[in-house]
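Reading through the structure tokens given below for one structure.
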Amino acid sequence: TRSTRPQRLLGAVQKSATRGDPCSVVNAIDQFCRHTEWAMNVGDEKGCILDSVVSEVNPATVLELGTYCGYSTVRIARLLPPHAKLITLEFNPDFAAIARQVIAWAGMEEKVHLVEGASGEWIPKIKEQFGVKALDLVFLDHWKDQYLPDTKLIEECGLLRKGSVLLADNVIFPGAPQYLEYVRSSQQYESQYFKSHLEYTKVEDGLEKSVFLG
Ligand SMILES: O=C(NC/C=C/[C@H]1O[C@@H](n2cnc3c(NCCO)ncnc32)[C@H](O)[C@@H]1O)c1cc(-c2ccc(F)cc2)cc(O)c1O
Ligand SMILES: [Mg+2]
């Protein structure tokens, strides 16, 4: 039977990237998605903005919502200090299986906890399961209509501290209008839009960075 897009993306990593070299994994996926088969990774252009936010925050604890094939997981983990932790939630078992192999190929297993499950079920468990007091950075890249409910759940679970950063992909395309309205109008956030383009295309898209003010 025909392979799936994530399987073909993993094949490109195993063919073109060097084991243990996260940058070569990121480059192999970008090359594949730009020249062979598009896939919904944050990509190289928005990825540079993601890199700058990760470097600025220098997080000890990161939560990613929506692992997919693990592109942004590897992109973030490669910048984290040795004992930092990236928790990434993915509820599709087929995508999770591919992402585990991409993360392993990049040699990032030590820094990444991939949890196979839904954000709504797992966000309330993060403190106890992972001994996390607060999240320094949250990267939202899952179903766009879930950005707002999950942000409210993260707040309710007391997972944010003064200075915690939310970074959301696709706030223009496909768009997350309710989320944007919330973080831009709330007194509890200082929000900033980083204009860019939809991965591997000329379509406008961007990332919204929102600092929790406590
Ligand atoms: O739709 C997009 N992303 C969704 C990602 C979903 C991934 O996250 C997983 N996931 C979803 N909800 C949850 C959940 N919790 C919520 C449910 O309980 N808990 C755990 N995991 C979850 C899915 O299983 C996937 O692995 C997108 C589209 C375009 C796009 C642009 C232009 C086009 F023409 C077409 C597409 C570009 C992008 O950058 C995009 O991110
Ligand atoms: Mg996205």
Side-chain angles (χ1 to χ4, degrees), residues 4-10 13 26 29-30 32-34 36-51 53-54 62-76 86-103 112-126 129-130 135 137-157 159 166-180 182-183 193-210:
T4 66
R5 181 169 310 191
Q7 284 168 334
R8 293 191 291 273
L9 184 148
L10 173 62
V13 166
V26 168
I29 295 171
D30 283 331
F32 177 73
C33 294
R34 187 174 288 284
T36 305
E37 183 173 13
W38 188 93
M40 59 181 181
N41 316 120
V42 71
D44 45 2
E45 191 180 318
K46 288 185 287 180
C48 285
I49 300 166
L50 171 61
D51 290 355
V53 172
V54 173
V62 184
L63 173 64
E64 176 179 61
L65 302 178
T67 315
Y68 188 44
C69 294
Y71 172 91
S72 49
T73 318
V74 169
R75 193 157 189 134
I76 294 167
L86 197 175
I87 301 161
T88 184
L89 307 183
E90 175 52 59
F91 70 179
N92 180 309
D94 301 322
F95 296 167
I98 297 294
R100 284 192 203 287
Q101 295 174 79
V102 169
I103 292 159
V112 176
H113 277 285
L114 195 165
V115 176
E116 201 171 310
S119 52
E121 179 203 334
W122 274 91
I123 286 168
K125 293 179 182 172
I126 287 171
Q129 290 288 321
F130 298 100
L135 297 170
L137 175 65
V138 182
F139 182 55
L140 300 95
D141 195 19
H142 59 333
W143 294 157
K144 308 313 159 193
D145 62 359
Q146 294 301 306
Y147 284 16
L148 183 52
D150 281 347
T151 295
K152 290 182 172 172
L153 183 58
I154 287 166
E155 290 171 6
E156 284 153 20
C157 293
L159 281 163
L166 306 184
L167 188 66
D169 189 25
N170 311 116
V171 294
I172 303 302
F173 198 96
Q178 295 89 348
Y179 173 81
L180 269 192
Y182 178 76
V183 289
Y193 175 61
F194 291 82
K195 184 175 180 189
S196 184
H197 295 93
L198 177 69
E199 50 268 29
Y200 318 115
T201 78
K202 292 184 169 37
V203 173
E204 184 183 338
D205 188 22
L207 302 173
E208 188 83 358
K209 176 192 171 195
S210 306

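As the structure is a computational prediction, the values presented were derived from the model and not from experiment. The chain is numbered in sequence order, starting from 1. Atoms within each ligand, like the ligands themselves, are counted from 1 in listed order.
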[atom]: the protein heavy-atom neighbour that sits closest, reported with distance to 0.1 Å:
atom: atom 15 (N) of ligand 1; answer: S119 OG, 2.8 Å
atom: atom 8 (O) of ligand 1; answer: G66 CA, 3.3 Å
atom: atom 37 (C) of ligand 1; answer: E199 OE2, 3.2 Å
atom: atom 30 (C) of ligand 1; answer: W38 CH2, 3.7 Å
atom: atom 31 (C) of ligand 1; answer: L198 CD1, 3.6 Å
atom: atom 18 (O) of ligand 1; answer: F91 CE1, 3.7 Å
atom: atom 6 (C) of ligand 1; answer: W143 CZ3, 3.2 Å

Assess G43 for proximity to ligand 1: is some non-hydrogen atom of it under 4.0 Å away?
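Contact absent.
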Does G120 come within less than 4.0 angstrom of ligand 1, counting non-hydrogen atoms of the residue?
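It does not, in that no heavy atom of G120 comes within the 4.0 Å cut-off of ligand 1.
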The Mg ion (ligand 2): which protein N, O or S atoms are under 2.8 Å away?
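Checking every protein N, O and S atom gives D141 OD1, D169 OD2, N170 OD1.
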Any N or O of [X] that comes nearer than 3.5 Å to an N or O of ligand 1?
X: E90; result: yes
X: D141; result: yes
X: K144; result: yes

Between L140 and Y179, is any pair of side-chain heavy atoms under 4.5 Å apart?
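Answer yes - side chains close enough.
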Considering only heavy atoms from C-beta outward, does the side chain of R100 approach that of E116 to under 4.5 Å?
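R100 reaches E116 side chain to side chain.
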Salt bridge present between D141 and K144 (N-O < 4.0 angstrom)
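Between K144 and D141 there is a salt bridge, with a charged N closer than 4.0 Å to a carboxylate O.
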Tell me, with the steps shown, if Y147 and H142 meet ring-ring contact (aromatic ring centres under 6.0 Å, His included).
CA-CA 7 Å; Y147 284 16; H142 59 333; 5.5 Å; yes
Of L10, T4, L9, which meets side chain to side chain contact (heavy atoms under 4.5 Å, CB included) against Q7?
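Single side chain to side chain contact (heavy atoms under 4.5 Å, CB included) partner of Q7 among L10, T4, L9: T4.
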